[in-house]
Amino acid sequence: MNIDEIRARTAKKMQEMQKRAEEAAEKIKIADADEEKRKAEEEESARRAAELNEANLQRQREVLAQMMGEEFAKQSAAMQEQVSEEIKRQAEAVAAQAQQDVLGALYGGDLSMLSAALDTYAMMGGEDDEEEEEAELTPAQFYEYTEEKMREVDALEEPQPAEYGALPSRWEKFCILLSGIISTVNGHSLDKLDVEEHIPLYEQQIANLMRNSWGICGREELLDTLLYLSRGGYRARFAAYAEAASPEELFNEETDEEDKEGIRRGWAFVQHFKDKYDADFLLGWDIGRAAMITRWGYFVGWLTKAETLQLLSDMGQVAAGGLDSWREFARSYLFGGAFWKEVCAAYDGASYLGTLADAVKTLLGKGNDGQWRCSPWAKA
């Protein structure tokens, strides 16, 4: 092989190597472009998610500002990021392992026993409970039974209202006790903010209770519900039913037959009682339920301790200013519960009122369970 052939072959090899290098460079260029596009898409997606999250946070701040004042809403905003991170952490933990596996690992053979025990919780206080049928009372009989239970409550003894002054611990206790009726029915603690001990099974049970009974699945729905109760709740509904000349005036194009039946029964209830009780008489019903779901929300981590104490404090001030005693608060709660049962077109109203009245008798009774008797109603 002469020198010219060697040079020719070498030149050819160099051309092939250069061509492969150019092809590799082109592939790298395309890959880099794809990577840049992917990163740009991810950044855009993250930006949109951040904007949506900020919009949701702003809406929550506005709700808190309306409920508790602008200054507290600003303080709450500072804590929101920590709350969001904790919720995200918990969601990731749940996604990593099915709840049943986690509980099984924690409790083993005791899980079925605990679940059965917790399933006895009374799912009362929401808007969509499913009711067990019982012997139906006529409207007149149910109205008389409602007043009978209210008279029983009014006959109970309680200490005179007391000046709490600037004693935070006494006010905090009073505000917790606003959730006393349903807390007593469900066996919740009334000695602290937490309704139960913090174990996953209890936390899930309370979260399920709020979802199934109230349609509350998280912080935003909780704040919306508290805003609804603070702005009028069943007081506003009572007023609207009282002003309507007929139940048909309360229908709209989306009202189905089941809802129409509830409106008819609720309207008849209000027409019967409106000359004796006004809408403000349902203040105890609205505040009692608001206090209960506030404590539930704190227990499952949707509210911070500072937010919970502020919300309960506001409720306590409103209750003390609008009602005069635990008996009046309880009568309001029973009356609101009767109205709610009629609006739900339920047939267990009598047993429901009986359960509530029994809880009131416990709270105003003697002994360790008589916590209303041990903590007099607060003067405004």
Task: Aromatic ring proximity Tyr352/Trp340, centre distance under 6.0 Å - done: yes
Side chain of [X], backbone of [Y]: donor and acceptor closer than 3.5 Å?
| X | Y | result |
| --- | --- | --- |
| Ser375 | Trp372 | no |
| Trp267 | Ala244 | yes |
| Asn212 | Gly215 | no |
| Gln271 | Ser246 | no |
| Asp259 | Thr255 | no |
| Ser230 | Leu227 | yes |
| Asp286 | Tyr234 | yes |
| Asn252 | Glu254 | yes |
| Gln204 | Pro200 | no |

Open item on the list: Can you confirm whether Leu193 sits close enough to Thr308 that some side-chain heavy atom of one is under 4.5 Å from a side-chain heavy atom of the other?
Closed with: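 A side-chain contact under 4.5 Å exists here.
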Task: Any side-chain heavy-atom pair of Leu178 and Phe329 under 4.5 Å - done: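 Yes. Closest side-chain heavy atoms under 4.5 Å.
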- [ ] Scan Ile181, Leu353, Leu282 and name whichever one has a side chain to side chain contact (heavy atoms under 4.5 Å, CB included) with Tyr333.
- [x] Ile181
Salt bridge present between [X] and [Y] (N-O < 4.0 angstrom):
| X | Y | answer |
| --- | --- | --- |
| Glu257 | Lys260 | yes |
| Arg327 | Glu158 | yes |
| Glu197 | Lys192 | yes |
| Arg151 | Glu144 | yes |

From [X] atom [atom1] to [Y] atom [atom2], the distance as rounded to the nearest 0.5 Å:
| X | Y | atom1 | atom2 | value |
| --- | --- | --- | --- | --- |
| Leu303 | Gln310 | CG | CD | 12.0 Å |
| Thr294 | Leu222 | OG1 | CG | 6.5 Å |
| Leu223 | Ile216 | CG | CD1 | 9.5 Å |
| Lys341 | Thr146 | NZ | OG1 | 12.0 Å |

Open item on the list: Check whether Tyr347 forms a cation-pi arrangement with Arg265 (NZ or CZ under 6.0 Å from the six-membered ring centre, at most 45° off the ring normal).
Closed with: yes
Open item on the list: Within 45 degrees of the ring normal and closer than 6.0 Å to the centroid, is that where the cationic atom of Arg235 sits relative to Phe238?
Closed with: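 Not satisfied by the 6.0 Å and 45° rule.
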- [ ] Could you check whether the rings of Phe335 and Phe273 sit parallel, tilted or perpendicular, using 30° and 60° as the cut-offs?
- [x]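 Phe335 vs Phe273 ring planes: perpendicular.
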Open item on the list: Pairing donors with acceptors under 3.5 angstrom, does anything connect the side chains of Glu328 and Ser325?
Closed with: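 Checked: Glu328/Ser325 side chains show no N/O donor-acceptor pair below 3.5 Å.
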Task: Met210 vs Trp302, side-chain contact (heavy atoms from CB on, under 4.5 Å): CA-CA, chis, key distance, verdict - done: CA-CA 12 Å; Met210 285 194 287; Trp302 296 340; 3.2 Å; yes
Open item on the list: Could you go through Trp296 and Ile182, starting from their C-alpha distance and side-chain angles, then the distance that decides it, and tell me whether this counts as side-chain contact (heavy atoms from CB on, under 4.5 Å)?
Closed with: CA-CA 11 Å; Trp296 283 339; Ile182 294 302; 4.2 Å; yes
Open item on the list: With side-chain contact (heavy atoms from CB on, under 4.5 Å) as the criterion, how do Ser179 and His188 come out once you've worked through the C-alpha distance, each side chain's angles and the decisive distance to 0.1 Å?
Closed with: CA-CA 10 Å; Ser179 70; His188 292 329; over 6 Å; no
Side-chain donor/acceptor pairs under 3.5 Å, residues 360-367, sequence neighbours excluded:
from: Lys361; atom 1: NZ; to: Glu152; atom 2: OE1; distance (Å): 3.0
from: Thr362; atom 1: OG1; to: Asp358; atom 2: O; distance (Å): 3.1

TODO: Walk me through it: do Phe142 and Glu342 pass the test side-chain contact (heavy atoms from CB on, under 4.5 Å)?
DONE: CA-CA 10 Å; Phe142 183 64; Glu342 290 297 272; 3.7 Å; yes
TODO: Verify ring pair (Phe, Tyr, Trp, His ring centres under 6.0 Å) between Phe339 and Trp285, making sure each step is shown before the conclusion.
DONE: CA-CA 10 Å; Phe339 181 30; Trp285 168 247; 9.1 Å; no
